[in-house]
Amino acid sequence: ADVTVFAAASLKNALDTAVSAYKAKTGKDVAVSYAASSALAKQIEAGAPADIFFSADLDWMDYLAKKDLIDGASRVTLLGNTLVLVAPKDSTASLEIKPGFPLAEALGADGKLAMGAVASVPAGKYGKAALEKLGVWAAVEPHVAQADNVRGALAFVAKGEAPFGIVYGTDAHAEKAVKIVATFPEDTHPPIVYPVALTKTGTSADAKAFLDYLLSSDAKSAFEVQGFTLLGSKG
Amino acid sequence: MTLDVDVQKRLGAFEVAMRFQTGGGITALFGPSGSGKTTLVNLIAGLLRPDKGRIALGSRVLVDTNTGVFLRPAERRIGYVFQEGRLFPHLSVRSNLMFGRWLTPGARRWGDFDAIVDLLAIRPLLARRPRDLSGGEKQRVAIGRALLSSPECLLMDEPLAALDPARKAEILPFVERLRDEMRLPIVYVSHSVEEVARLADTVVRIEGGRVLASGPVGEVFATIDAEGGFEAGGVLTARLVTEAGADGLARLEHPAGALLVPHVGRPAGSLVRLSIRSRDVTIAVGEPGRLSVRNRLTARITAIAELAPPDVAIRLDVGGEPLVARITRDAVRELGLEPGQMVTALVKAVALDERRG
Amino acid sequence: MTLDVDVQKRLGAFEVAMRFQTGGGITALFGPSGSGKTTLVNLIAGLLRPDKGRIALGSRVLVDTNTGVFLRPAERRIGYVFQEGRLFPHLSVRSNLMFGRWLTPGARRWGDFDAIVDLLAIRPLLARRPRDLSGGEKQRVAIGRALLSSPECLLMDEPLAALDPARKAEILPFVERLRDEMRLPIVYVSHSVEEVARLADTVVRIEGGRVLASGPVGEVFATIDAEGGFEAGGVLTARLVTEAGADGLARLEHPAGALLVPHVGRPAGSLVRLSIRSRDVTIAVGEPGRLSVRNRLTARITAIAELAPPDVAIRLDVGGEPLVARITRDAVRELGLEPGQMVTALVKAVALDERRG
Amino acid sequence: MEQLFTPEEWTAIDLSLKVATVATLASLPVGIAMAMLLARGRFPGRSLLAGIVSLPLVLPPVVTGYLLLLAFGRKGPIGAFLDQTFGLVFAFRWTGAALASAIMGFPLMVRAIGLSIEAIDRRLEDAAATLGAGRIVVFLSVTLPLAIPGILAGAVLAFARSLGEFGATITFVSNIPGETQTIPSAIYALIQSPDGETGALRLTLVSIVIAIGAMLLAEWLAARFRAGERT
Amino acid sequence: MEQLFTPEEWTAIDLSLKVATVATLASLPVGIAMAMLLARGRFPGRSLLAGIVSLPLVLPPVVTGYLLLLAFGRKGPIGAFLDQTFGLVFAFRWTGAALASAIMGFPLMVRAIGLSIEAIDRRLEDAAATLGAGRIVVFLSVTLPLAIPGILAGAVLAFARSLGEFGATITFVSNIPGETQTIPSAIYALIQSPDGETGALRLTLVSIVIAIGAMLLAEWLAARFRAGERT
Ligand SMILES: Nc1ncnc2c1ncn2[C@@H]1O[C@H](COP(=O)(O)OP(=O)(O)OP(=O)(O)O)[C@@H](O)[C@H]1O
Ligand SMILES: Nc1ncnc2c1ncn2[C@@H]1O[C@H](COP(=O)(O)OP(=O)(O)OP(=O)(O)O)[C@@H](O)[C@H]1O
Ligand code: MOO
Ligand SMILES: [Mg+2]
Ligand SMILES: [Mg+2]
């Protein structure tokens, strides 16, 4: 491939669309390796042939930046996402997210709140932060079922195993078996952002060209269709 | 208990088609290596299914392909001493021996553990595993294991082949006692003419998967011998007159003369069967000199058959029973023997194995 | 080639401590079940290591715990016919037979594949797997396999136990030819007195892990018999006068008288050894009369030993060689036999197995 | 020792041991029966069944976990049935972790046991039958003891697999500390955070120690068994 | 057929087959040697070695992958050495995926082969020795053929494991289409995307078909071998 991108798995749909559009336009071949941001970061640290790193959170981008493995000048926080509370499609639950809202009560004695792992998976970390900020974490914590990624959490809700889940807005949009009960206000959690950057080895013109394409308006629709918000600002 | 066999079975290119009937007691299967003896025994045990045919033990039909009856081995209550031991490697000798016993309801058990262990001289081995036994020791344990399962019929495939003469001499009378006291029908495979002549009531001669001859041991052996290669002479039935005294010899009466035999262990008056090997018979014309040979039977020559030189089989009528002597052609010529002639058949006393009738 | 054994070995509670030497030819190991025969053979083959001691075959030291020499089995060039076959289950009979042959450098090979296959009558089995062979067939293949590895010494652990008399009669002369023509030292384990008497040059009597006696077959057997339980009589050495003619009898000359024996197959003038079983010897005092017995030897009674009643062992000096006759005590009394007396020993011609010296 | 691990880690260790042990012991009878069926049975579809048994090995663990969720979840057909009939719930419970572990280790167990069963000399079973042993007795007294090497090996493989199993478990029953967070789940969570490596390393060592302990136990049992065969 | 899968999926299928085949075949000799060593060797540290061989089973695959990355990565000590000495690179190549697969399947392979080796009647090896076979010939002509059931079972287990292996592979060599994206990695990526389920299902079925094919092949070989033993 002309360009190799290491991208967080949650970006797959959007990025695949962008890549095929790019390929159609330029004839260049872009290979994307989708995995957990953590795994990708460590691989880049170990010398992976990645030209571009597209992370699902700031932590892992910072991790590489600290090790001087990315080209800081090229770093862009490209996408934003929302955090939502979802329920199975046939659920009649309605909750309004506000400080002290009765999530634990809504879960009942036996119901689980499906989330990404709160210590490691970005969506889990954001969710935990939000619930803490809203003052319900302590009550909810015993009910939390942590999945190893957002898709796992979504599946628990989609299959009706868990009455509620916290996932990204993009995931909730695409999954027809769940409905969004409410969206977490942006100020309840750190910004959900997807930074992208060239790696220190990604110095080819092709890599730069593809990154530029991602930042261009041509790529915009591919991301927006999936429910991402385009931030596009450097930093 | 009669054993009724009429079976067909194909194993690879080898075809078995055997039919015979025995009247209980000990049936010897006798035939060259690869003739189908083990195959037949496996059919009786139920380890092989006949392609066609029927096997019945007394009134119990073990298998009948016509009616679809097939008793599984475990249901047949037939003890089997395998040609190759087949001891359970994970069990001690004691557990091997007790295996069948544990599975036998108390009411059907017979035989005494200690007596059998001592007879087979395997007491020192009880705590061992089969792996640490010698060839003969394994075979003895296998015999014990089959006996202690209290079978109603016993199949023994060359059970004594790996044993020394002294041990054989101890076990053979025990096998006879099983037949006589337990009335246990026994199918006995052996290559030893002596064993067969001594033990068998019925002999089934097998070759190439077929039955060449079957019938009482005397008859079958007399024919075998005439054909050469074997050494069976015949079986005589005599009446016990006095049991062995200090000299160790029992006196018997036979139409053709008196006979001396080692201890018989039966009441006076009993009919006793004696097997005689053809090469142990010497023929005398006229009065023999002073010989150490004890038994002198009046005999008439019924036929003279040439065997491979230098041997000749002299068929004799000994008080109405057939007996074969195997001597050299040279002797026939020198003594001028011919059919119809009256002679004396000399049989060394010690060459007589006593058999119970 | 001499075999020199002086070993100690402990197996569980069983202790072997054996020491003997043989002068080549066929050495028979003879002893009851569990006496240590197989253990000894395994020590010679190198499958067991002695705890202490030395084994040498001619000038080759196979193992010596003092000097730390231990030839691995593959280096010993010793063929082993196991008591339990041990055929390779994954190979055809043909490949089993060829296994050792493939591994033998061309220059060291002897024996003809086809000849051995025919002798053992296993040609129809060549394409089969061991699993589909009968007990005797397996044993024959095992014999062939060991022979075809062109060994310089042969260990045979009860090789013929599973075979019928006719087959045995074919294989025994072949074993003799191996000794005579190939000059192959052979260690032969057998429970059959007849086999041992016929084959052995040296007999090693083993019991409880020790050597009770070892030496030439005549000497050892004469002792054994005096103790009872066995039937070996003795071994006589005679000179061949004329080979067998149409009557199938060869004439031999022995200091104690003329002897008639079936075909010998050796040039006139050769010395021939004949083994005689004690129960085949009849004793006559004075003129024996007109008997079918061919061989009459002048003998002097050297001793009379009581065996278990009714038997008595009469030790004879036959032209300077020992021979034992087994007769009844009754006969001793009636004939008035006593040491020093001159008698005639009658031996049926057909009872003589010819042995090469 | 107490200070070596956080309480949460202790809980994970404890739970992993429980899950692995229960998964192994509970699947053993089924594994033996299945190995017997596959090694001895001659029925149409035998190869298919063998294939199905091996599926958890072939599928990515996450897929297996997802299928388990579909089938054994509270709303899944089997899960709902078991819940209503026996009150047996797997979803989000340690029992679900054990089920996932058992299923992931099952193909390993069945293969190992099957190998041992196929190596048994069936003439010994015939011999037992002539001694009056019916099929069940033959199985219990001859086949089973002679298959012990395979049974032990199968149990060790399943136990070890269970200690390392992660994808199917977390997908099926998620990662609830104290309920379904086994050692691998804990390790995974640690690995995903930039500074979790030392914690992951400590827990990894615990896994190794437990697994080696289990292996030594199995070897000791096998040696005892072999010694039994010999002396 | 062509339309059944996207070109990327075809690549993944192709790669998975290559990776599983190479991993299985390349690790077979090592697996046999290791099984022989563990089954027959009597040396101090034997149990420890057995434990180490089993590690990939015990550790969460992600950990194994991570350790591989540390050791065999371009900057890892072994990786750097192999690269400089033999020009052999595992990192982020399909060879790395094969290495990860081989390592994950290794404990399964070794156990299965070991079981078969332990079941061999050593008296047959003795018999071969008396026929003049030295140790190597005994091994090649007796031990190895008699261990065939275990070798086949071990190969099938390793092959199947390779088809399902995901955690170690994706962690070690990432998920690069055409180079390191095997079927399970592709399935993982598909599962991550909202409408990837049907794609995942299709690939899952491919895995199953390949695995069942491999199993049938192994059974056919085993049957041929057994038939050989019989006729
Ligand atoms: N590993 C062992 N542990 C304990 N005892 C053993 C072991 N191996 C053999 N023995 C014992 O050593 C003795 C000699 O065995 P060996 O096999 O040499 O006898 P053998 O003379 O060949 O007998 P047979 O004629 O019955 O084959 C036997 O009593 C046997 O039980
Ligand atoms: N599965 C089989 N396939 C082909 N041939 C077989 C099979 N099993 C046995 N045979 C053949 O059938 C014949 C009879 O075998 P069987 O074991 O009954 O002989 P046997 O009379 O017991 O011989 P032995 O005295 O040597 O034990 C033999 O020639 C043997 O090779
Ligand atoms: O694969 Mo991620 O890092 O949970 O979006
Ligand atoms: Mg047989
Ligand atoms: Mg022996």
Side-chain angles (χ1 to χ4, degrees), chain D residues 46-48 50-52 54-64 66-67 107-108 111-112 114-116 118-120 149-150 153-154 156-157 159-167 171 182-185 187-188 191-192 197 200-201 203-204 207-208 210-216 219 222 226, chain E residues 46-48 50-52 54-64 66-67 105 107-108 111-112 114-116 118-121 149-150 153-154 156-157 159-167 171 183-185 187-188 191 197 200-201 203-204 207-208 210-216 219 222 226:
Chain D
R46 203 187 63 84
S47 299
L48 192 71
I52 292 172
S54 299
L55 279 189
L57 195 62
V58 180
L59 301 182
V62 180
V63 173
T64 306
Y66 188 69
L67 295 175
L108 310 182
R111 279 272 166 181
L115 270 179
S116 268
E118 278 168 20
I120 292 174
V156 165
L157 284 171
F159 186 86
R161 183 82 181 88
S162 180
L163 284 181
E165 213 302 299
F166 151 65
T171 308
T182 55
I183 298 178
S185 304
I187 293 178
Y188 181 75
I191 277 197
Q192 283 204 324
E197 274 177 31
L201 185 67
L203 283 181
T204 298
S207 269
I208 295 177
I210 294 175
I212 289 188
M215 254 174 283
L216 290 180
E219 276 199 17
R226 272 196 301 272
Chain E
R46 204 188 63 85
S47 299
L48 192 71
I52 291 172
S54 297
L55 279 189
L57 196 62
V58 180
L59 301 182
V62 180
V63 172
T64 306
Y66 188 57
L67 294 175
L108 310 182
R111 279 271 168 185
L115 270 179
S116 267
E118 278 169 19
I120 292 174
D121 185 348
V156 164
L157 284 171
F159 187 86
R161 183 83 180 87
S162 180
L163 284 180
E165 212 302 299
F166 150 66
T171 309
I183 298 179
S185 310
I187 291 177
Y188 170 78
I191 283 188
E197 273 179 30
L201 184 67
L203 283 181
T204 297
S207 269
I208 295 177
I210 294 174
I212 289 189
M215 253 175 284
L216 289 180
E219 277 201 14
R226 273 197 301 272

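In what follows, chains carry the letters A, B, and so on, assigned in the order in which the sequence lines appear, proteins first and then strands, with residues in each chain numbered from 1.
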task = Would you give the length of the straight line joining atom CG of E:Leu115 to atom CD of D:Glu118, rounded to the nearest 0.5 angstrom?
result = 11.5 Å

query = Between CG of E:Leu59 and CD1 of D:Ile208, what distance do you get to the nearest 0.5 Å?
reply = 5.0 Å

query = Most heavy-atom pairs under 4.5 angstrom with chain D, which of E:Gly154, E:Ser162, E:Ala153, E:Gly167?
reply = E:Ala153

query = So what's closer than 4.5 Å to chain E heavy atoms on D:Arg111: side chain, backbone, both or neither?
reply = side chain

task = Could you tell me which of E:Leu108, E:Leu203, E:Leu201, E:Thr171 has the largest number of non-hydrogen atom pairs under 4.5 Å with chain D?
result = E:Leu108

key: Part of D:Tyr66 lying under 4.5 Å from any heavy atom of chain E   = side chain

task = List the atom of E:Ala119, the atom of D:Ala119, and the distance in Å for their closest heavy-atom pair.
result = CB-CB, 3.9 Å

message = Taking the basic N atoms (NZ, or NE/NH1/NH2) and the acidic carboxylate oxygens, is any pair closer than 4.0 Å for E:Arg46 and D:Glu219?
response = yes

note = Correct closest heavy-atom pair for D:Ser185 and D:Phe166 would be CA-CD1, 4.0 Å

ask   = Between D:Ile52, D:Leu57, D:Leu163, D:Leu55, which residue shows the highest count of heavy-atom pairs closer than 4.5 Å to chain E?
value = D:Leu57

task = Name the option with the most non-hydrogen atom pairs under 4.5 Å to chain E; the candidates are D:Ile210, D:Ile120, D:Leu157, D:Ile187.
result = D:Leu157

